[in-house]
Number of protein chains: 2
Amino acid sequence: MARATTSHDWAEHAGRRLADAGYRRGGARSAVVELLARQGCALTALDIERQLEDSDRGVARATVYRVLEELEQLGVVGRVEVGDKLSRYEPLHPDGAQHHHHLVCDRCGELVPFHDDELERAIATVARRVAFEVSDHDVTLHGVCADCAAKA
Amino acid sequence: MARATTSHDWAEHAGRRLADAGYRRGGARSAVVELLARQGCALTALDIERQLEDSDRGVARATVYRVLEELEQLGVVGRVEVGDKLSRYEPLHPDGAQHHHHLVCDRCGELVPFHDDELERAIATVARRVAFEVSDHDVTLHGVCADCAAKA
DNA sequence: ATCAGTGCAAAACATTTGCAGCATG
DNA sequence: CATGCTGCAAATGTTTTGCACTGAT
């Protein structure tokens with residue numbers, strides 16, 4: 001069985017894909033990739049801009065969006081939309097490793113990843129049944145997280 | 001077994017919920033409700049504005065948004081986001097009747113509803129397992145519809 | 001008559017694009 | 001040293017808000 005992909009692996013993976021696609025290695029692009037590699041879950045473009053601002057290497061907003069689009073095109077970053085009209089972005093590991101979906105707390109906005117084999121199986125079955133060539137899927141569970149439920 | 005809820009039933013249901021919540025019965029609001037009742041699948045706010053414009057009763061864009069927000073709050077309309085940064089809105093029937101999810105053609109943008117009991121069961125199981133009070137869920141399958149696949 | 005409902009115009013918001021200057025290969 | 005990369009500012013497109021007027025109860 002293959003070793004689980006790590007964040008570091010992902011940064012390397014992304015770097016390789018960028019190089020293969022003929023991209024040069026600019027400072028802004030690397031900064032975004034490294035930040036994403038460190039993150040566990042999905043981030044907003046504005047989150048990314050803000051976090052980079054606070055760190056040593058600031059990156060212009062337009063550049064953040066441009067880099068994210070490139071990474072998404074290359075398939076190393078996935079876009080997640082959970083219903084608040086903001087796009088979020090997260091690392092996508094090779095061969096579907098660490099594939100997961102999201103729980104969203106409608107109270108505080110927290111985003112928690114989860115995975116379930118039976119759910120994946122059910123989706124695969126549906127995908128086979130319908131008159132579509134299904135290539136991807138998203139599942140979002142909305143509710144209230146334990147913290148918010150306790151506070152109420 | 002209960003009779004399936006019809007579009008007409010939904011308009012009535014929505015109207016009752018609005019009345020119960022103390023809303024008056026304005027022309028613009030009714031126009032939006034009636035248009036939604038006729039629709040099978042999710043519409044964007046701008047779709048709604050345009051369709052009403054073409055019909056007898058035009059409704060200002062701001063009003064469309066305001067009405068949709070009220071209806072969503074009352075739980076008679078659901079918001080669907082399929083990844084193109086537009087919110088779509090669709091009727092939500094009482095007691096989860098006609099509950100469904102969506103296939104999205106990434107080529108032409110077509111939206112097709114589907115339902116699957118096993119998928120629902122899998123989701124219910126996950127919902128029980130996680131440290132969240134899950135109240136709702138969305139599933140979106142992305143791919144290429146039969147028409148687009150044929151054209152390619 | 002009162003207060004909710006509505007339209008219009010302007011604002012707010014994330015995201016995209018144009019262009020000039022910088023830096024990598 | 002040529003071309004891709006980046007920042008800045010302006011444009012875009014959707015959604016929201018302010019305010020005055022209309023209409024339902």
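Chain identifiers are assigned alphabetically (A, B, ...) following the order of the sequence lines, protein sequences preceding nucleic acid strands; residue numbering begins at 1 within each chain.
- Projected onto DNA chain C by closest heavy-atom contact, A:Ala62 and B:Tyr23 fall at different nucleotides, the more 5' of which corresponds to B:Tyr23.
- Salt bridge status for B:Glu12 with B:Arg16: present, with a side-chain N to carboxylate O gap under 4.0 Å.
- Side-chain proximity of A:Arg24 to C:dG5, C:dA14, D:dG4: nearest is D:dG4.
- Between A:Lys85 and C:dT15, a side-chain N or O to OP1/OP2 separation shorter than 4.0 Å is absent.
- Looking only at side-chain heavy atoms (C-beta outward), B:Leu36 and B:Leu68 come within less than 4.5 Å of each other.
- Using a 4.0 Å heavy-atom cutoff across all strands shown, A:Arg61 reaches at least one base atom of the nucleic acid.
- When heavy atoms are screened at a 4.0 angstrom cut-off, B:Thr44 is found touching no nucleic acid atom at all.
- Using a 4.5 Å cut-off between side-chain heavy atoms of Ile, Leu, Val, Met, Phe, Trp and Tyr, with links allowed through other members, B:Leu46 and B:Tyr89 fall into different hydrophobic clusters.
- Listed pair A:Ser87 / C:dA14 fails the phosphate criterion, with no side-chain N or O lying under 4.0 Å from OP1 or OP2.
- The side chain of A:Arg66 approaches C:dT17 more closely than any other nucleotide in the set D:dT17, C:dT17, C:dA23.
- Taking every side-chain heavy atom of B:Thr63 into account, C:dT6 is the closest of C:dT15, C:dT6, C:dG25.
- Closest to the B:Tyr65 side chain, of the nucleotides C:dG7, D:dT14, C:dT17, is D:dT14.
- Checked for salt-bridge contact, B:Arg66 and B:Glu70 miss the test: no charged N lies under 4.0 Å from a carboxylate O.
- Using a 4.0 Å heavy-atom criterion, one finds that B:Gly27 contacts the sugar-phosphate atoms exclusively.
- With 3.5 Å as the limit, one finds a donor-acceptor pair spanning the side chains of A:Asp117 and A:His115.
- Atom-to-atom distance recorded for B:Arg88:CZ and B:Asp47:CG is 6.5 Å, nearest 0.5 angstrom.
- Between its two ends, the helix from C:dA1-D:dT25 to C:dG25-D:dC1 turns its axis by 30°, counting five pairs per end and rounding to 10 degrees.
- Contact annotation: the side chain of A:Leu71 never approaches that of A:Arg29 to less than 4.5 Å [non-hydrogen atoms, C-beta and beyond].
- A:Arg79 has its CZ atom 7 Å from the P atom of C:dT16, to the nearest Å.
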